[in-house]
Structure formats: structure tokens, C-alpha cells
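To keep things clear, I will list the structure first and then write my remarks on it.
Keep in mind that what you see is a predicted model, and the values were worked out from it rather than measured. First listed ligand is number 1; within each ligand, the first listed atom is number 1. Just so you know, these numbers use all the heavy atoms, side chains as well, and skip hydrogens, waters and symmetry mates. If you read the sequence from its start, that first residue is 1, and numbering goes on from there.
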Amino acid sequence: MRSSVKVVPLERVSASLLTVTVGHLNKKLPGSLLGLDAALDGAIKRLIATGDFSGDRDEISLLYPPKGATRVLLVGLGNPMEVTRGAIRRAAAIATQKAASLGAPTVAFHLAHETHGGVSPQAVGQVAVEGASQGAWRFRELKAVVDDKPPVKTFEIIVAREERREVEHGRQIGNATAVGQRLARNLQMLPANVCTPSYLAQIARDLGRAYGFKVTVWNRSQIDKAGMRALLAVAQGSSEEPRFIMLEYRGAARQAPICLIGKGVTFDSGGISLKPAQHMEEMKYDMSGAAAVLGTFEALGQLKPPVNVVGVIPATENLPSATAIKPGDVVRSHMGKTIEVVNTDAEGRLLLGDALSYVRRFKPDCVIDAATLTGAIVIGLGHHAIGMMGNDDQLLQEVRRAGDRAGERCWPLPLWDEYREQIKSDVADVKNSGGRPAGSITAGWFLREFVDGYPWVHLDIAGTAWSDTDRPGLTKGPTGLCVRLFTEFVLARAHA
Ligand code: BES
Ligand code: MN
Ligand code: ZN
């Protein structure tokens, strides 16, 4: 999807779908829509007068003008005093989602002047494109029989002349995060027989070549040499080789990097502690954290902000076999601490522990990991909040704010000392499951055992990386979560 910013009267827009977003109308036509309404012979006025459209959030109405655009779509934003970045992103997503279902390839988008709220023109440009790309996303890569509805090809933001430059600046940022998020969603969608650890490594290498950053990939024997036996323990049940992937983006001289770690389990069967068959196919998205890191590096490559970022992806499958790790086995981690593996399905924390220990060598300014880590986070927060934990209040706040701007909201959970008791082991330094109570927190505590000397935040995205249902502006399936959050975080650091 290509995006652009245009200055043109609404009644003269030629698109297959012209979207106009409006807030609560109180039965009155916004002044900025007078021209368009005249071109529609007063259809908008009548629509409002009948009360058939009031401008509530997510409300839509489709009109067919005699000339100009093929279709006009009104999208409600709700209370104009409460119009936020999120509301505008969502309206743009609803617009392209509708366009995709209609088969309307060219979309124009206009935010009625009265409904900007406190959102700057730059932010409008950014979130409009982010939303548009999100709503238009379709996954056709593995279909042999292609459906006939054309995809959304272009997205034009229609603005007033005086806003043009600022909106255009925002559009470029939004386009970069959108490209990154699209990569992440596609990777999440790919099945585990395609998206293997070496496939993720190849994507990292491709990004490195395209944008000119350093990429290092280790195979099984290199991981062994580095002493990451916890990662190896997960990989030992699979004939598919693990990979340890590092990406280094340098946008600034001599500056401690931000480090982003993503869980890259390309399929999680549970191992010997096998998962039930129902929904097991969904465990192809257990690499969503890795996808977020790769998507973020795509956005960084496009935007080239003046900051240093290291991405780290421990990647493996988790399968049962004659060589697989068994419940009760004890392994020695990269940090040196020994781990009793009481449940082979608590594998993510094993590879993340080794990654968290390894990244000390980058002398990071801060470390953020994203992982589909626990089913318990789905029970605790459902599908609308990322679970966040960490060792530094300031960093936690900073990440949370980035998430708010990104529309990827985080909610804090406590890492109190009392919870640590649950992961004490009788035979080793620590065990990899703390049982059912506070399952997300004890997973966080396990990770913390391998954090040393840097501020750190852990994001549990098991409930948010995938949507089981269609939502307004978000078709069911992978969400590409954390690309926007990570990018917002990095950009704020770059311009601080
Ligand atoms: N990948 C799963 C967590 C998960 C659950 C992701 C649902 C997405 C949706 C993780 O590896 C896992 O299996 N966790 C276990 C831990 C338990 C054995 C301590 C869980 O949550 O059940
Ligand atoms: Mn698991
Ligand atoms: Zn897992």
C-alpha cells in the first residue's frame, strides 16, 4: 500500500473510497463537509437529520455520490473532545478494512477539521497511515487460488494546505512502522514448516543487507561454544537447527545501545510436557517477539534515527523426541546458574534467560524483551493489555508511555520478592516453573534471575500478539504487536 498527502477539495477527490471521519454530530453538519454534502445533493445532511448516523465511535455509513469518488464512507470518531491518536488510527483502519472487503483499491482519507482534538498534524499523518496499513492487511502468500477482490493499493490523506508539510512528515514515520508491522504480521502468520529458526535468520540477514546494518547468526555449535545451554536444551529435541540472531543498528557514535530481545520459538509443542492438541497449531506464533524485533529493525532501517539499537533473537523449535529434554533435567545456563527444567513447556524463559545474560556484552543502556511467555497473562489481562514487569521504575514508565502512543497498552505486574520463592529448586539454583499461582510474575522473576547490571523491562505478549476474532480495524490473526511500541520508544530516545 502506497500512501501520500494531498490538498484537494473533497468533492473533487477521485478514489474508489473516500473516507471522512467525523465526531459526534449533534444533528449538525460540520462546516468542512459543506462542499462534499452539496456534491452529494445533501445526502449527508439527510443522513444526519434522520439520526441514522450520529458519529459514534466505529459507526460507519456508505454513500454513493453522482460524481467524484465512487463511494463516500463516513466513520464516527465519538466525542470530538476526546479524539486521540488511537481513535484516528482506528478510524483509518476501519476505512481500509471496509475498502478491502469492498474491493476498493484506492482510498482517500480526510479528518474533518472539527475532530482533530489535541492531536498534532504530524501525529495525524503517522497514525492514519499506521491504521490504514493495519486495516488493509491481507495474507495471501500461501493461497494457490487467489480471491478476486483487489487489495487496497493507495491511501491518500486529504489535508488543508497549511498542514501539508507536517502531515507528510508524520506519514513517513507511520509508513516505516507500517512496513515493519506488516513484516512482523506476515512472519507470525507463516507456518512453522516455513518460518524456521534459519528462516528468521535469513530475514535478519536480508534486512541487514537492505539497510546496511550488521547481522550475526550463530548455529547450534556456535551457540554451544558460547555456553548457552538453556537455549540448547530446548533445541535438543528438534532436528531443525536453532539460531542465535543479533542485529546491530548504529545511528549514533559512541553511545550505549538500546537492546531489544524477542522470543523466537517457531513452534511450541510443549516438548515432553506436551500441550493438548486443541489449538496447538496456534503455537506457530510463539515467535511473535522475534517478529516484533525484526519489524522494528525494518522501521529503523527506513527512518535511520540517531541512536544505537541491538536486536537479539534466540530462535528454536520446542518438540518432543528421543533426544528432547525431560522434566527434571538440570542444565547450566549461559550466566552459570543451574536450572531444573520441571516443565519443558516453560521453554521461552530458558532461551530468554540465556539471551538476557548474553546481552551484557553489549553494555546496553537498557534492555526490553517481548515474548509470548505465559498463558497466565491471558487469564490475567485478556487480549487488550501487554503484561509488563521490570527492575527499573523509570524505564517501566518510559516503555508504558511508548505503548500508549503506539496504541499497544501495557499494564504493570509486581515483581515482589515473595514471588521469587516459587521458583526455588531443591536440586538447582532455580527451576523453570513456579506453578499456577501468578504464572506470569514467576516467569518474569525467572527472567530477572538472568538480568544483571542494566535497566530491564519484560513484555508478556501472549494475550495480545494474536487476535482470535475480527475487531474494528483489525482482522483476526497476527497483530504485529510491539513494532509500533518499540519504534515509538526508540524514536523518543533518538530525539530526547
Ligand atoms: N508459548 C507458551 C505461552 C503461550 C500461551 C503463548 C498461550 C501464547 C498463547 C509458553 O511457552 C508456555 O507454554 N507457557 C506455559 C508455562 C507453564 C508450563 C509454566 C504456560 O503458560 O502454560
Ligand atoms: Mn511453552
Ligand atoms: Zn512458548
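Excluding waters, the count of protein N/O/S atoms less than 2.8 Å from the Zn ion (ligand 3) comes to 4.
Counting heavy-atom neighbours within 6.0 Å of K304 NZ, excluding the residue itself, gives a total above 12. For CZ of R361, the number of neighbouring non-hydrogen atoms (other residues, nucleotides, ligands) closer than 6.0 Å is 12 at most.
Checking T177 against T487 by side-chain atom types alone, no donor-acceptor pair falls below 3.5 Å. For the residue pair S269 / N318, no side-chain donor-acceptor distance below 3.5 Å is found, with atom types taken as modelled. With hydrogens and angles left out, the side-chain atoms of E398 and Q394 include no donor and acceptor closer than 3.5 Å. Under 3.5 Å, the side chains of S133 and R182 contain a donor-acceptor pair of N or O atoms. Side-chain contact annotation: Q202 with D206, donor-acceptor N/O pair under 3.5 Å present. Side-chain contact annotation: T323 with Q236, donor-acceptor N/O pair under 3.5 Å absent.
Each of T475, N186, T479 was scored for a side-chain hydrogen bond (donor to acceptor under 3.5 Å, both in side chains) with W137, with one residue passing: N186. Paired with L260 under the rule side chain to side chain contact (heavy atoms under 4.5 Å, CB included), one option of V367, L247, V293 passes, and it is V293.
Residue T374 has no nitrogen or oxygen atom sitting less than 3.5 Å from a nitrogen or oxygen atom of ligand 1, judged on distance alone. The distance criterion of under 3.5 Å between nitrogen or oxygen atoms is not met by V378 with respect to ligand 1. Ligand 1 has no N or O atom lying under 3.5 Å from any N or O atom of N432, backbone or side chain.
Looking from atom 19 (C) of ligand 1 to the surrounding protein, the closest heavy atom is S433 OG, 3.5 Å. Among all non-hydrogen protein atoms, the one lying nearest atom 14 (N) of ligand 1 is L373 O, 3.4 Å. Shortest contact from atom 2 (C) of ligand 1 to any protein heavy atom: D268 OD2, 3.5 Å. With hydrogens left out, the protein atom closest to atom 16 (C) of ligand 1 is R349 NH2, 3.6 Å, a heavy atom.
Taking 4.0 Å as the cut-off, E282 does not count as a neighbour of ligand 1 on heavy-atom distance. Put simply, no part of W466 is less than 4.0 Å from ligand 1, judged by heavy atoms. No heavy atom of M287 sits closer than 4.0 Å to any atom of ligand 1. Contact annotation: N343 has at least one heavy atom less than 4.0 Å from an atom of ligand 1.
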F446 vs L350, test: side-chain contact (heavy atoms from CB on, under 4.5 Å). Steps then yes/no. CA-CA 9 Å; F446 182 94; L350 296 175; 4.0 Å; yes

Start with the C-alpha gap between E248 and K214, add the side-chain angles, then the distance that decides, and say whether salt bridge (charged side-chain N to carboxylate O under 4.0 Å, His left out) holds. CA-CA 5 Å; E248 295 173 62; K214 184 175 162 196; 3.7 Å; yes

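With the Mn ion (ligand 2) as vertex, D268 OD2 and D345 O subtend 170°, rounded to 10°.
Here D404 does not pair with R401 in a salt bridge; the nearest charged N to carboxylate O distance is not below 4.0 Å.
Residue T372 has at least one heavy-atom neighbour below 4.0 Å for each of these atoms of ligand 1: 1 (N), 2 (C), 3 (C), 6 (C). Distances below 4.0 Å separate heavy atoms of E347 from the following atoms of ligand 1: 11 (O). Below 4.0 Å from some heavy atom of K263 lie the following atoms of ligand 1, by number and element: 1 (N), 10 (C), 11 (O). Taking every heavy atom of D345 and a limit of under 4.0 angstrom, the matching atoms of ligand 1 come to 10 (C), 11 (O), 12 (C), 13 (O), 14 (N), 15 (C). Near M283, with a cut-off below 4.0 Å to any heavy atom, the atoms of ligand 1 are 1 (N), 6 (C), 7 (C), 8 (C), 9 (C). Set against the non-hydrogen atoms of G375, the atoms of ligand 1 under 4.0 Å away are 3 (C), 5 (C), 20 (C), 21 (O).
Taking the six-membered ring where tryptophan is involved, the planes of Y211 and F213 are essentially parallel, since the angle between them stays under 30° and well short of 60°.
Between the S467 side chain and the G477 main chain, no donor and acceptor come within less than 3.5 Å of each other.
Taking backbone and side-chain atoms together, E347 has an N/O/S atom less than 2.8 Å away from the Mn ion (ligand 2).
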